[in-house]
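First the structure, in the form of structure tokens, and then the observations on it.
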Amino acid sequence: MSVPDRVAPTSPADLGLTELSTAIADGTITSVAAVTDALDRIEASQPTLNAFRVIRREAALREAADADARRAAGTRLPLLGVPIAVKDDTDIAGEITAFGCGGEFTPKTEDAESVRRLRAAGAVIVGKANTCELGQLPFTNGAAFGHSRNPWDRTRTPGGSSGGSAAAVAAGLVPAALGSDGAGSVRIPASWNNLVGIKPQRGRISTWPHAEAFYGLTVNGPLARTVRDAALLLDLAAGPHSGDLHTPAPIDASAAVCRDPGKLRIALSLRIPFTATKTALDPEIAAAVHGLATTLRALGHTVTVADLHYGLMIGASFLPRSMAGIHRVHRAMPEAVVDPRTTANSRLGRVLGGPALAAARRVEPLLHRRIGSFFDDYDLVLAPTTATPPPIAEEIDGIGVGATNNLITGACPYTWPWNVLGWPSVNVPAGFTETGLPIGAQLMGTANTEPMLIALAAQLESERRWERDRPTPWW
């Protein structure tokens, strides 16, 4: 297996979130310098990497200067003056939320709750990262902005739909970013960019101004190079809005990073959930996941090959919620100019938004009980995050609905069931293909098990040291 070139950090944006926040708090570097460096890198990379839809240079530099003044006056906040990116499905006051679509949009008047919380922690939001139209694809592309590229290989997609966020972090443009995950949209790009991506419990990070997103499928989650940084961003973005439908009890993700996970019973499951299209697991990915299992056994955990059987009902719950969610968002964006495939999915969602949607919501407790019974014998599941390495970016171009479904399902059949269940799952880097493309694996738990998953991910990181592997800049 080829080992990527390791590039030593050379600027503030190459530092991790924890490191950069400490450096700014200590006065080693100013927020203005850190934010300027991030903005310069973002703008220089746009013609090639194309990670951002909105770049907030003037506003971010004002906010950075204010952060430096507050620090000088004695204010201490966890992310005071630190540059962060969010996905372009997340509202920032004064900026548009195009959600990957073309068209002329009115700027939003209020921050999303997650952005409000990040600002309260002192973060400077430098921009909104690209996503595909309405978050439908494990690719990040659209007629309005072109293709975002993978820092590890310019010909490949960074994944999606949080591909811009993942590319920005992997390329060192920002130390961490917020994405969203409705069928794997944090975990898939994390897998294909050598990042840690946390899909938290439903409601852990508010989706307000939406009481829930995509009928409960979509949650917000962090992307970072290390478990510690992802946990920190999760803690600071987490918390409910009074209008949220889902409000799990709080956790301390950062404390879990330093916690011994104990000796865990882990099920290694390579079984692909039921799909209506042909799917197969790439042998290199299977080998990488088995390699992670070997590391876990060496750490003292019991890892047993035991396939999780998802059943047909979980797919029947996913499709109406997904398509009806697309229709709801599309209908709320009358100014959006979209691809015919988006229009077709929206029309299907209108049909499925009645009795089929109601039935899909009713079966979730049954799924919790049936799939939850698997965890009578295991603490968590280890599974591939994707079935293939990242595809060529242009493979998604100019094909119809059927071919699109075949392409995206063949590459990414593993992640969506946990969106139906609403349970947490963490992508961890698992190595590289022979050609140097990143591979990821999922740690999947039941309700509110983020602390256990994070503790185990941190233990793995201490052995595997994936944060040392950085792509060689070409952007």
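Between Arg328 and Glu212 there is no salt bridge, since no side-chain N of the basic residue sits under 4.0 Å from a carboxylate O of the acidic one. Look at Glu95 and Lys108 and you find no salt bridge, because none of the NZ, NE, NH1 or NH2 atoms lies under 4.0 Å from a carboxylate O. Of the charged side-chain nitrogens involved, none lies within less than 4.0 Å of a carboxylate oxygen, so that Arg70 and Glu63 do not count as a salt-bridged pair. Ion pair Arg225/Glu19 not flagged as a salt bridge, since none of the NZ, NE, NH1 or NH2 atoms sits closer than 4.0 Å to an Asp/Glu carboxylate oxygen. No salt bridge links Lys199 with Asp181; every basic N to acidic carboxylate O contact stays at or beyond 4.0 Å. A salt bridge does not link Arg265 to Asp377: none of the charged nitrogens lies less than 4.0 Å from a carboxylate oxygen. Note on Arg465 versus Glu467: salt bridge recorded, some NZ/NE/NH1/NH2 to OD/OE distance being below 4.0 Å. We find that Glu110 and Arg116 are not joined by a salt bridge, their nearest charged nitrogen and carboxylate oxygen being 4.0 Å or further apart.
At a threshold of 4.5 Å between non-hydrogen side-chain atoms, the residues Asn150 and Trp192 count as touching. No side-chain heavy atom of Ser114 sits less than 4.5 Å from a side-chain heavy atom of Val86. Counting heavy atoms from C-beta outward, Val426 and Gln442 have side chains that stay 4.5 Å or more apart. For the pair Asp153/Leu437, a side-chain contact is recorded, criterion being any heavy-atom separation below 4.5 Å from C-beta on. Using a 4.5 Å heavy-atom threshold, the side chains of Thr302 and Ile266 count as separate. Leu308 has its side chain within reach of Ile371: a pair of non-hydrogen atoms, C-beta onward, lies under 4.5 Å apart. By the 4.5 Å heavy-atom criterion applied to side chains, Thr388 and Leu281 are not counted as neighbours. Residues Ile198 and Leu453 have side chains not in contact (no heavy-atom distance under 4.5 Å, counting atoms from C-beta outward).
Of all heavy-atom pairs spanning Gly179 and Ser162, the tightest one is CA-OG, 3.6 Å. Scanning all heavy atoms of the two residues, the minimum distance from Arg464 to Ala430 falls at NH2-O, 3.2 Å. The shortest non-hydrogen separation linking Gly440 to Ser191 is N-OG, 3.0 Å. The two atoms that bring Gly127 and Arg56 nearest to each other are CA-CG, 4.1 Å, heavy atoms only. The two residues Ala170 and Trp152 make their nearest non-hydrogen contact at CB-NE1, 4.3 Å. Taking every heavy atom of both residues into account, Ser317 and Ala360 meet most closely at OG-O, 3.0 Å.
Looking only at atom types and distance, the side chain of Asp68 has no donor-acceptor partner in the side chain of Ser31 under 3.5 Å away. Ser254 and Asp235 share a side-chain donor-acceptor pair at under 3.5 Å. A donor-acceptor contact closer than 3.5 angstrom is absent between the side chains of Gln201 and His246. There is a side-chain donor-acceptor pair under 3.5 Å between Ser185 and Ser161. Side-chain N/O atoms of Trp466 and Glu461 include a donor and acceptor closer than 3.5 Å. The closest side-chain donor-acceptor pair between Asp89 and Ser180 falls under 3.5 angstrom. A side-chain donor from one of Thr433 and Thr435 sits under 3.5 Å from a side-chain acceptor of the other. Checked by atom type, the side-chain pair Thr140/Asn130 shows no donor-acceptor distance below 3.5 Å.
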Practice prompt. Output, in order, the C-alpha distance, side-chain angles, deciding distance and verdict of side-chain contact (heavy atoms from CB on, under 4.5 Å) for His301 and Leu456.
Written response: CA-CA 10 Å; His301 304 290; Leu456 182 61; 3.4 Å; yes
Worksheet item: Should Asn419 and Arg187 be marked as a side-chain hydrogen bond (donor to acceptor under 3.5 Å, both in side chains) after you check the CA-CA gap, both sets of side-chain angles, and the distance that decides it?
Response: CA-CA 11 Å; Asn419 296 88; Arg187 290 162 288 161; 2.8 Å; yes
Worksheet item: Stepwise, does the side-chain hydrogen bond (donor to acceptor under 3.5 Å, both in side chains) test hold for Thr18 with Asp229?
Response: CA-CA 6 Å; Thr18 307; Asp229 288 351; 2.6 Å; yes
Item to complete: Output, in order, the C-alpha distance, side-chain angles, deciding distance and verdict of side-chain hydrogen bond (donor to acceptor under 3.5 Å, both in side chains) for Ser206 and Asp244.
Response: CA-CA 7 Å; Ser206 174; Asp244 288 349; 2.9 Å; yes
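Rounding to the nearest 0.5 Å places CZ of Phe52 at 9.5 Å from OG of Ser148. Once rounded to the nearest 0.5 Å, the distance linking CD1 of Ile408 with OG1 of Thr275 reads 11.5 Å. To the nearest 0.5 Å, atoms CD1 (Ile29) and CD1 (Ile24) are separated by 6.5 Å.
Relative ring orientation between Phe318 and Trp416 is described as tilted, the plane-to-plane angle lying within the 30° to 60° band.
Within a 6.0 Å radius of CZ in Arg202, other residues, nucleotides and ligands contribute more than 12 heavy atoms.
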